[in-house]
Protein chains: 2
Amino acid sequence: MANKEITIKDVAKLAECSPTTVSRVINNSDHPVSKETAEKVEAAIKKLNFSPNRIAQGLKSDRSNIIGVIVHDICDSYFAQMVKGIEEFISGHEYIVNIYNTSRSVEKELHAFNLLKANRADAIILAGGALMDKKYEQKMHSMINQLQNQNTLVLGITPHPFDIKNIILGNDRALEVITDKVIEYGHRKIAYIDGPEKLYTSYLRKKGFKKSLEKNDIAVDDNLIFKGDFSFNGGRKAALEIIKKINSITAVVAANDSTALGAMWELNHQAIKVPDQISVVGIDNLPEAKYSYPPLTTIEIPIYQLGTNIGEYLLNRLNENCNYQFKDIKIKLIMRNSLKRLK
Amino acid sequence: MANKEITIKDVAKLAECSPTTVSRVINNSDHPVSKETAEKVEAAIKKLNFSPNRIAQGLKSDRSNIIGVIVHDICDSYFAQMVKGIEEFISGHEYIVNIYNTSRSVEKELHAFNLLKANRADAIILAGGALMDKKYEQKMHSMINQLQNQNTLVLGITPHPFDIKNIILGNDRALEVITDKVIEYGHRKIAYIDGPEKLYTSYLRKKGFKKSLEKNDIAVDDNLIFKGDFSFNGGRKAALEIIKKINSITAVVAANDSTALGAMWELNHQAIKVPDQISVVGIDNLPEAKYSYPPLTTIEIPIYQLGTNIGEYLLNRLNENCNYQFKDIKIKLIMRNSLKRLK
DNA sequence: TTGTATGCGTTATCAC
DNA sequence: GTGATAACGCATACAA
């Protein structure tokens, strides 16, 4: 049944030359090949629909051409866009984009790393924020070590507490900027909806929020910090809590757009007017943030572009261009209607 | 610099046995190995943090463990959910999920297939609908042939005009069901927003829409069929056209939820009340459909579950369980508030 | 300009 | 119960 695979040998036979010569043609080798034979080889390749077995090539060259991408949730626009950007760049250059969803589970993330290690991935992108968990960190240290010994490049998006190249997005800075804006608009009673616990990105974003408050001589009130999980539903739940304290709050800063969108939805649903009764702002500038009621004021983090930049960086590094520097992305304040100026 | 990879030989040396024995331990081979040596091997493996090189294993076994997933756009909730479901099942079983975004471009899809072929993928999932393009079909026929010769399993989600296993979702049936409902609610002047041209899924969905109309003795009016592209913005544009003919339309059936959501947004924006002035329904039941204004009446296609079913099916087939039957998913009408009953 | 021999890491076959 | 050997498909060092 199983038709035998077409190999370089079959091509050689048809082109009446040696497998070595075929290999040279395939790889545009420096080694000279006569025009005549090259043409015969090309013809044979076409005739047989031959493509070299990348698995075998990989074994030889000690490269798998696999780029592992570990995300928390591919259904989250943030990650979907990043992956799209990475894929756009990477598969155009014959690499395999191998994705894993971890749902922020330590076990799943470790599982992904084990598979990627076994597959001798050329690079691994930790697309999500670092998990804050002692056991995880310990195991990861060892894992990163092994990976580096087998020449796997590991890249962290946002800071990770390992000895890897971390891409800094300025999450803390972004929160500071938007909170500054909220304050500039006259708000002083400002609630915050947090990100998931045990996620370093949450910590960073909250840090930026607090920094802005302190800078502006506003006391940080822990009663005005609400739980969230970066999700729409998390935002909805938080909104319900916020409503209970509605008289002591004029604005809500959410740890991300999904949360802000969920909060606004619930606020609307409970007949609280945004921004008339309460302002809401987010971070990320997801595509859908433009179409909420009201349109969301937020910080743009150009995630898709981040993805292509990651791809470009990886490609250069993987090809020994050690001097290539990562192209940083720029955040930008997007003013829409969910933030109201107070008199 | 480059630390040498740890191989089965290193383990053998440390465990004082032959590579063959190590291999037997790794693979829980039937061949007997004494408990004593087995333990020594296990210990060595742990000590060296060894994991067998899957690339080399793949070369030997003629299996790459790569599952290619070709989607139109990973940022589209529909595909994101499907990929998540597939990944959930597949990487739990040590397979690599290798995704490609094609933006419905013939070239990109062909490119993906070429890479997947070169990488000797064990299976390829055509997650999006078939492209209706003569050249594409021609090239694909040959490609599918080559793929089958090298034992790659190709799976089409929705019908594809190739000799592959196609999973039928009942796109036409779904449109028929929801249009029936719209008619049951007293509507007879019904507009339709189409999907992308040259996509077989668009054709199928429109077919279901028309079938319902005809069944109910309503003439199909081509002036009431508007262009769309399955996207939110496509829905917005269509809505603008629909508004021009608002007096001859009481309901809009959209080819998918994204389109319906975009249309509703624009309608709201232009101060047209949904569903009081006009009803809108969609297909897919995306997560966000629950949170629109008003919540969208639609057909649920359990995409995530479809993904896990695909994973399960593939796993069985790849392990020679040829009798395993694909578990079909069930569509379901979801009544919310965007459809109004006419007197 | 061409070809032969060897090895990448693993496993199946066969011998012991 | 154990191990030497060949082979998977390819690319390189070396020889001619």
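Per chain, numbering begins at 1; letters A, B, ... match sequence-line order. What you are looking at is a predicted structure, and each value in this text was computed from that prediction instead of being measured. For the numbers below, each heavy atom of this structure counts, side chains included, while hydrogens, waters and symmetry mates do not.
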Engineer: Name the nucleic acid region contacted by A:Leu59, choosing base, sugar-phosphate or nothing; use a 4.0 angstrom heavy-atom cut-off, strictly under.
Structural biologist: base
Engineer: Does B:Ser18 or B:Arg120 map to a spot on DNA chain D nearer the 5' end, using the closest nucleotide for each?
Structural biologist: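 Whichever sits nearer the 5' end wins; that is B:Ser18.
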Engineer: Whole Å only: how far is the CG atom of A:Leu48 from the P atom of D:dG9?
Structural biologist: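 For the pair A:Leu48 CG and D:dG9 P, the rounded distance is 14 Å.
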Engineer: Nearest-Å distance, CD1 (A:Ile26) to C1' (D:dT12)?
Structural biologist: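 Those two atoms, CD1 and C1', are 14 Å apart.
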Engineer: With nearest nucleotides of DNA chain D determined for B:Val33 and A:Ser23 from heavy-atom distances, which residue corresponds to the more 5′ nucleotide?
Structural biologist: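 With B:Val33 and A:Ser23 compared, the 5'-side residue is B:Val33.
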Engineer: Less than 3.5 Å between a donor and an acceptor, one on the side chain of A:Lys60 and one on the base of C:dG7, is that the case here?
Structural biologist: yes
Engineer: Start at the 5' end of DNA chain C and walk down; is the nucleotide closest to A:Asp62 or to A:Ala38 reached first?
Structural biologist: A:Ala38
Engineer: Whole Å only: how far is the CG atom of A:Asp30 from the P atom of D:dA13?
Structural biologist: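 It works out to 11 Å between those atoms.
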Engineer: Is a donor-acceptor pair below 3.5 Å formed from side chain A:His31 to base D:dT12, judging by atom type as modelled?
Structural biologist: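 When only heavy-atom distances are counted, A:His31 does not reach the base of D:dT12 through any donor-acceptor pair under 3.5 Å.
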Engineer: Just the rounded figure in Å: distance from C1' of D:dG9 to CG of B:Asn119.
Structural biologist: 14 Å
Engineer: Write down the distance between CG (A:Asn53) and C1' (D:dA7), rounded to a whole number of angstrom.
Structural biologist: 14 Å
Engineer: What does A:Pro32 touch in the nucleic acid at a heavy-atom separation under 4.0 angstrom: a base, only the sugar-phosphate, or nothing?
Structural biologist: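 Touches a base.
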Engineer: Can you say whether the rings of B:His93 and B:Phe89 are parallel (under 30°), tilted (30 to 60°) or perpendicular (over 60°)?
Structural biologist: parallel
Engineer: With a 3.5 Å cut-off and heavy atoms only, can you find an N or O donor on one side and an acceptor on the other between the side chain of B:Ser34 and the base of D:dT2?
Structural biologist: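 When only heavy-atom distances are counted, B:Ser34 does not reach the base of D:dT2 through any donor-acceptor pair under 3.5 Å.
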Engineer: Between B:Gln57 and C:dT11, is there a side-chain N or O to OP1/OP2 distance below 4.0 Å?
Structural biologist: yes
Engineer: Can you see whether A:Gln57 engages A:Ser61 through a side-chain donor-acceptor pair at a distance of less than 3.5 angstrom?
Structural biologist: no
Engineer: OP1 or OP2 of C:dT2 sitting under 4.0 Å from any side-chain N/O of A:Thr21?
Structural biologist: no
Engineer: A:Phe50 CZ to D:dC10 C1': how many Å, rounded?
Structural biologist: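 The distance from CZ of A:Phe50 to C1' of D:dC10 comes to 8 Å, rounded to the nearest Å.
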Engineer: Please classify the nucleic acid contact of B:Asn27 as base, sugar-phosphate, or nothing, using heavy-atom distances under 4.0 Å.
Structural biologist: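 B:Asn27: backbone/sugar contact only, no base atoms under 4.0 Å.
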Engineer: Once hydrogens and angles are ignored, does a donor-acceptor distance under 3.5 Å link the base of C:dG3 to the side chain of A:Arg24?
Structural biologist: yes
Engineer: Look at the rings of B:Tyr313 and B:Tyr324 and say which category their plane angle falls in: under 30° parallel, 30 to 60° tilted, over 60° perpendicular.
Structural biologist: tilted
Engineer: Kindly say if A:Ser61 contacts the phosphate of C:dC8, meaning a side-chain N or O under 4.0 Å from OP1 or OP2.
Structural biologist: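 So the side-chain polar atoms of A:Ser61 never come under 4.0 Å of the phosphate oxygens OP1 or OP2 of C:dC8.
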Engineer: Decide if atom NZ of B:Lys165 counts as having more than 12 heavy atoms of other residues, nucleotides or ligands within a radius under 6.0 Å.
Structural biologist: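 Enclosed.
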Engineer: From CZ of B:Arg63 over to C1' of C:dT10, roughly how many Å is that when rounded to an integer?
Structural biologist: 16 Å
Engineer: Which distance, rounded to the nearest 0.5 Å, do you find between the CD1 of A:Ile310 and the CE of A:Met82?
Structural biologist: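 The CD1 atom of A:Ile310 sits 5.5 Å away from the CE atom of A:Met82.
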Engineer: With a 3.5 Å cut-off and heavy atoms only, can you find an N or O donor on one side and an acceptor on the other between the side chain of A:Ser29 and the base of D:dA11?
Structural biologist: no
Engineer: Mind checking if A:Pro19 touches a base, just sugar-phosphate, or nothing, with heavy atoms under 4.0 Å?
Structural biologist: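 The answer is nothing, as A:Pro19 stays clear of every strand by at least 4.0 Å.
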Engineer: Take atom CD1 of A:Ile8 and atom P of C:dG3, then tell me their distance rounded to the nearest Å.
Structural biologist: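 One finds 13 Å between P of C:dG3 and CD1 of A:Ile8, rounded.
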Engineer: Just to verify, which of A:Ile45, A:Leu48, A:Val22 counts as forming a side-chain contact (heavy atoms from CB on, under 4.5 Å) with A:Asp10?
Structural biologist: A:Leu48
